[in-house]
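Below is one structure; the comments refer to it alone.
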Amino acid sequence: MRIATWNINSITARLPRLLGWLESSGTDVVCVQETKCSDEQFPYDELRELGYEAAVNADGRWNGVALISRVGLADVVKGLPGGPAYEGVQEPRAVSATCGGKVRLWSVYVPNGREVGHPHYAYKLQWFEALRAAVADNAAGELPFAVLGDYNVAPADEDVWDLSAFEGQTHVTAPEREALAALRGTGLTDVVPRPLKYDHPFTYWDYRQLGFPKNRGMRIDLVYGNGPFAKAVSDAYVDREERKGKGASDHAPVVVDLDV
DNA sequence: ATGCCGCTAAATTAGCGA
């Protein structure tokens, strides 16, 4: 089974590339983030024509996540149980399902945090704690299980192109990295993908200032899997080809092959 | 060539992203 996670930065704007990539890559299940659409706007019909169904948690202009599968989706849960609200709103940042009857997957879009000390930063840390609590049982279970998505945290210093550019910024702070460590503490391991070029598997490159051609990237799209999941991984890589050209997202897909 | 920000909703710009 080939699964993937991809922050597509609007499923509406990205639809031609998403459909083409699903066909060319042969992906069975893709976890997407930042759909930036309402449920009514979600392209169910176009995906169905390619044989995919979708579990969607989306409410409009911001955020939005989905699981898109051609091997079946069961026991769908929309949202993060026990998750915090931001300015009174439960934002659509998580959806989970059992895929192909063989693996349970979450697609998550962790809050950005904006600035250290901003209310959004506290919200980000609260969201991580709720995620940790919500996945603990599945992480410790026997069914292959993984949380995939845009974590908005670079786990280690080498996961950003230049640490000095991030001094005092979100995505690299100790509390954010401690939140990742706490999540791993439930029994999850970081499935690090291969880079297809250069020496580090960045997954995001800013649109501005030639970020991609200069390889000024970050590794913030992560696959955290439990033991049975990690044992089933036969390959993992960043499909940087999909970051190229007109109409690309600023994130590339992370692809994981599983023997399940 | 990988190429100098892109997306959305509601404007004729603002909010957001990391």
Side-chain angles (χ1 to χ4, degrees), chain A residues 5-18 21 32-43 56 58-66 86-87 89 91-93 108-125 127-128 149-177 179-180 195-222 237-254:
Chain A
T5 182
W6 190 13
N7 180 322
I8 51 174
N9 185 16
S10 170
I11 198 167
T12 306
R14 215 66 55 217
L15 190 59
R17 286 189 76 128
L18 173 63
W21 181 80
V32 296
Q33 301 86 37
E34 286 208 82
T35 58
K36 292 186 172 178
C37 68
S38 64
D39 193 58
E40 293 74 24
Q41 295 166 318
F42 193 88
V56 177
D59 67 4
R61 184 178 184 182
W62 307 116
N63 313 306
V65 291
Y86 186 70
E87 295 182 339
V89 177
E91 298 176 316
R93 294 181 176 275
V108 300
Y109 178 49
V110 177
N112 171 288
R114 298 185 186 163
E115 295 173 20
V116 177
H118 191 285
H120 210 262
Y121 180 80
Y123 168 57
K124 181 179 193 173
L125 297 177
W127 204 92
F128 264 121
D150 181 351
Y151 280 67
N152 272 320
V153 180
D157 290 353
E158 59 265 31
D159 292 318
V160 297
W161 61 277
D162 180 2
L163 191 60
S164 68
F166 293 88
E167 192 173 335
Q169 306 293 311
T170 60
H171 294 62
V172 298
T173 68
E176 290 168 287
R177 288 176 172 173
L180 285 184
L196 295 186
K197 189 176 180 182
Y198 303 121
D199 61 353
H200 202 75
F202 295 141
T203 65
Y204 161 86
W205 299 261
D206 199 298
Y207 283 126
R208 292 165 286 191
Q209 299 177 310
L210 295 170
F212 184 58
K214 292 181 176 176
N215 199 32
R216 294 178 172 176
M218 306 173 75
R219 187 173 79 91
I220 53 175
D221 299 273
L222 308 177
Y237 62 92
V238 181
D239 188 357
R240 69 186 305 283
E241 295 300 310
E242 197 53 40
R243 180 62 180 77
K244 297 180 180 179
K246 187 174 175 63
S249 171
D250 43 2
H251 297 249
V254 177

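Quick note on labels: first sequence line is chain A, next is B, and so on, each numbered from 1.
In this structure, A/Tyr86 places its OH atom 13 Å from C1' of B/dG17, rounding to the nearest Å. Nucleotide B/dA18 holds its P atom 6 Å from the CG atom of A/Asn7, rounded to whole Å. Straight-line distance from the CD atom of A/Glu176 to the C1' atom of B/dA18: 10 Å, rounded to whole Å. Here the P atom of nucleotide B/dC7 and the OH atom of A/Tyr204 are 13 Å apart, to the nearest Å. What separates CG of A/Asp239 from P of B/dT2 is a distance of 13 Å, to the nearest Å. In this structure, the CG atom of A/Asn63 is 11 Å from the C1' atom of B/dG17, given to the nearest Å. Atom CZ of A/Arg93 is separated from atom C1' of B/dA18 by 13 Å (rounded to the nearest Å). Nucleotide B/dC5 holds its C1' atom 8 Å from the OH atom of A/Tyr207, rounded to whole Å.
Taking the P atom of each, B/dA18 and B/dT8 are spaced 15 Å apart, rounded to whole Å. For the P atoms, the distance linking B/dC16 with B/dA11 amounts to 16 Å, nearest Å. Between the C1' atoms of B/dG15 and B/dA10, the separation comes to 12 Å (whole Å).
Of all non-hydrogen atoms in A/Leu222 and A/Pro155, the two that sit nearest each other are CD1-CG, 3.8 Å. When every heavy atom of A/Ile220 is checked against every heavy atom of A/His171, the shortest pair comes out as CG2-CD2, 4.4 Å. In terms of heavy atoms, A/Val110 sits closest to A/Lys124 at CG1-CG, 4.1 Å. Residues A/Asp250 and A/Tyr207 come closest through the heavy atom pair N-OH, 3.2 Å.
The side chain of A/Tyr109 places an N or O atom within less than 4.0 Å of a non-bridging phosphate oxygen (OP1 or OP2) of B/dA18. For the OP1/OP2 pair of B/dC7 and a distance below 4.0 Å, the side-chain nitrogens and oxygens of A/Asn9 include no atom meeting the criterion. For the pair A/Arg208 and B/dG3, the criterion of a side-chain N or O lying under 4.0 Å from OP1 or OP2 is not met. One finds a side-chain N or O of A/Arg114 lying less than 4.0 angstrom from the OP1 or OP2 phosphate oxygen of B/dG17. Within the 4.0 Å cut-off from OP1 or OP2 of B/dA18, at least one side-chain nitrogen or oxygen of A/His251 is found. Between A/Thr170 and the phosphate of B/dA18, there is no side-chain N or O to OP1/OP2 separation shorter than 4.0 Å. In terms of phosphate contacts, A/Gln41 brings a side-chain nitrogen or oxygen within less than 4.0 Å of OP1 or OP2 of B/dA9.
Residue A/Gly113 is classed as having no contact, given no heavy-atom separation below 4.0 Å to the nucleic acid. The residue A/Glu34 sits close only to the backbone: its heavy atoms come under 4.0 Å of sugar-phosphate atoms, none of a base. Among the heavy atoms of the strands, none lies under 4.0 Å from A/Arg216. When heavy atoms are screened at a 4.0 angstrom cut-off, A/Asp221 is found touching no nucleic acid atom at all. Among the heavy atoms of the strands lying under 4.0 Å from A/Trp62 is at least one base atom, whether or not backbone atoms are also near. Within 4.0 Å (heavy atoms only), A/Phe166 reaches no atom of the nucleic acid at all. If you check every strand for non-hydrogen atoms under 4.0 Å, A/Ser249 touches nothing.
Distances were taken from every side-chain heavy atom of A/Arg61 (C-beta onward) to each of B/dA14, B/dC5, B/dT2; the shortest belongs to B/dA14. Which of B/dT8, B/dG17, B/dA18 sits closest to the side chain of A/Lys36 comes down to B/dT8. In the set B/dT8, B/dG17, B/dT2, B/dT2 carries the atom at the smallest distance from any side-chain atom of A/Phe212. Relative to the side chain of A/Pro213, the nucleotides B/dA18, B/dG3, B/dG17 differ in distance, and B/dG3 lies closest.
Separation of atoms CG (A/Asn9) and CZ (A/Arg14) is listed at 5.0 Å; rounding is to 0.5 Å.
Counting only N and O atoms by type, the side chains of A/Glu242 and A/Ser249 include no donor and acceptor under 3.5 Å apart.
One N or O donor and one acceptor, one from the side chain of A/Asn112 and one from the base of B/dA18, sit under 3.5 Å apart.
A salt bridge between A/Arg177 and A/Asp157 is present, with a side-chain N of the basic residue lying under 4.0 Å from a carboxylate O of the acidic one.
Ranked by how close their nearest DNA chain B nucleotide is to the 5' end, A/Ser10 and A/Arg243 are led by A/Arg243. If you find the closest nucleotide of DNA chain B to A/Glu241 and to A/Ala13, the one lying nearer the 5' end belongs to A/Glu241.
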